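Single-structure report; data block below.
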Number of protein chains: 2
Amino acid sequence: MQQPSAPRKATGRPPRISREEVVGTARRIVTEEGVGKLTMRRLATEIGSTPMALYHHVRNKEELLVLLLDDYAAQALRPTALPAEPRERVVAAASAIHQALAACPWIVEVLTADDLMSTHALWFVEQIVDGLVDWGLSLERAVRGYRAIWYYTAGEIVVRVTAARRRGADDRPTYREQVFAGLDPDELPRLAQAGERWEALTAEDTYEDGLRALVDGLLAAG
Amino acid sequence: MQQPSAPRKATGRPPRISREEVVGTARRIVTEEGVGKLTMRRLATEIGSTPMALYHHVRNKEELLVLLLDDYAAQALRPTALPAEPRERVVAAASAIHQALAACPWIVEVLTADDLMSTHALWFVEQIVDGLVDWGLSLERAVRGYRAIWYYTAGEIVVRVTAARRRGADDRPTYREQVFAGLDPDELPRLAQAGERWEALTAEDTYEDGLRALVDGLLAAG
DNA sequence: GGTACTTTCCTTACATGTACGAAAACTACG
DNA sequence: CGTAGTTTTCGTACATGTAAGGAAAGTACC
């Protein structure tokens with residue numbers, strides 16, 4: 001496996017393709033035709049190679065997607081001016097990450113990878129941790145707080161995107177619709193009451209509301 | 001597609017297998033040998049049928065997994081006594097869901113499905129929404145609050161489980177480790193400071209801490 | 001019985017990720 | 001030049017989910 005920026009070794013068969021070429025071509029396919037069209041075979045022929053040759057530059061398809069995410073983050077997440085006040089800084093940084101990810105639904109398969117450890121997102125992570133510490137949290141609590149924010153953010157995106165994906169691909173009634181249709185108002189009064197509005201409420205973008213609640217709670221606890 | 005509890009139609013070729021049999025056999029395979037061993041072919045031969053015959057009782061493999069999750073929830077999530085005080089009731093109900101899911105890591109692929117709309121989990125959802133309303137939130141805010149809690153919960157599980165999965169399957173250094181190794185303390189002081197402890201902090205189970213913060217924030221906002 | 005219709009089952013075929021092992025292309029050393 | 005060692009490339013093979021279309025096994029009406 002070729003290391004991203006390792007010193008060249010002048011031994012062995014000279015490479016014909018590079019990791020950069022692989023990732024670059026993959027990015028082109030994804031942006032032009034969607035992640036669904038990105039297959040190892042397609043990528044290989046596009047590069048003028050064979051599928052198995054790719055595996056010397058990329059561990060597997062999942063790593064390729066992680067690299068694509070990193071690549072995307074580099075372009076979509078640039079440090080900008082953030083509020084000085086700690087609470088607002090935390091909210092703004094998290095919102096920036098969320099917004100970038102939400103605009104790019106194909107990363108869902110990768111989102112679950114680790115925390116968002118893309119090099120280019122780290123600046124925002126720093127802002128979040130720093131904001132929490134500035135408010136008075138210990139470093140430890142601040143890191144935990146960041147993780148809670150990340151769970152919330154990743155969860156929101158993953159759930160929302162896959163739900164939308166499912167809805168689009170099918171015309172049969174949702175499982176949810178079936179469930180709500182058969183609700184017993186005596187046993188589950190609140191859900192029955194919310195029944196009709198549930199669908200609408202679910203569609204709303206309430207990320208920031210929840211984020212603010214979470215941040216408020218984290219700060220109050222510290 | 002055979003409906004779960006539709007009135008029998010005495011026309012057409014009589015079915016040889018039922019959805020229940022499919023799900024039941026799938027459950028056995030999963031509990032005995034893990035979700036990795038559950039393939040449509042394996043399932044078919046185990047039942048004494050062919051792969052494509054399964055597709056008349058189950059839309060696709062993903063639906064099968066959703067059914068399995070529902071099945072699991074029915075057994076793992078039984079209504080129990082919860083605290084009367086609203087805040088504690090919300091925390092307890094969410095924690096119960098979280099605990100059940102965390103004990104059953106194979107559902108990760110399904111978790112992203114919808115919100116947890118398993119019939120058998122609805123009681124807990126009801127408790128959460130009801131607790132929030134009891135505290136004084138409008139029904140609308142309560143539903144939004146439940147969704148925030150669900151995002152946080154699903155995100156925590158998905159992220160933690162897949163991270164663990166990745167770690168186990170590989171011996172090469174994590175991407176995270178590589179990133180932290182090359183941190184510039186001038187640009188990202190907080191992260192560099194946390195560097196060594198990050199790994200340990202990540203391993204901790206801080207679900208309930210974050211949950212309490214979120215619930216506190218939701219209640220304070222209402 | 002015969003024809004039409006319906007539902008379930010099965011055979012075949014394809015696309016995909018990727019494991020395995022060998023071939024190719026180079027350097028280093030004798 | 002030849003042999004060994006190293007890295008990259010490639011051909012083949014397999015497991016998997018599932019699409020498409022037809023065969024099988026019943027009922028309903030004549």
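Proteins get letters first, then strands, A, B, ... in listed order; numbering begins at 1 in each. Note that the structure is predicted; figures quoted are calculated from it, not measured.
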Whole-Å distance separating the CD1 atom of B:I17 from the C1' atom of C:dT8: 9 Å
Atom CG of B:L54 to atom P of D:dA19: distance rounded to whole Å? 13 Å
If you measure from the Lys or Arg side-chain nitrogens to the Asp or Glu carboxylate oxygens, is any gap between B:E46 and B:R28 under 4.0 Å? yes
B:E21 CD to C:dT8 P, in whole Å, measures 14 Å
The criterion is salt bridge (charged side-chain N to carboxylate O under 4.0 Å, His left out); which residues satisfy it with A:R27, sequence neighbours excluded? A:D71
Kindly say whether B:Y146 contributes a backbone atom to a donor-acceptor pair with the side chain of B:Y151 at under 3.5 angstrom? no
Give each protein N/O atom lying under 3.5 Å from an N/O atom of nucleotides 14-17 of chain C, with the pair distance.
residue: C:dG17; atom: OP1; partner: A:K61; partner atom: NZ; Å: 2.6
residue: C:dG17; atom: OP2; partner: A:M40; partner atom: N; Å: 2.8
residue: C:dG17; atom: N7; partner: A:R41; partner atom: NH2; Å: 2.5
residue: C:dG17; atom: O6; partner: A:R41; partner atom: NH2; Å: 2.8

What is the distance from CG of B:L64 to P of D:dG17, rounded to the nearest Å? 10 Å
Let me have a per-nucleotide readout for nucleotides 21-30 of chain D, 5' to 3', with B, S or -, counting only protein heavy atoms under 4.0 Å. ---BBSS---
Check whether the side chains of A:R147 and B:T206 place a donor and an acceptor atom closer than 3.5 Å, and report yes or no. no
When you measure from the side chain of B:T45 to the backbone N and O of B:G48, does any donor-acceptor pair fall under 3.5 Å? no
Quickly work out the B:R42 CZ to D:dG17 C1' distance and round it to whole Å. 17 Å
Is B:R197 paired with B:E204 through a side-chain N to carboxylate O contact shorter than 4.0 Å? no
Round to the nearest Å and state the distance from B:R19 atom CZ to C:dT7 atom P. 16 Å
Pair B:Y207 and B:Y152, ring centroids less than 6.0 Å apart: yes
Could you check whether any side-chain N or O of B:K37 sits under 3.5 Å from a backbone N or O of B:E32, counting only pairs where one atom can act as donor and the other as acceptor? no
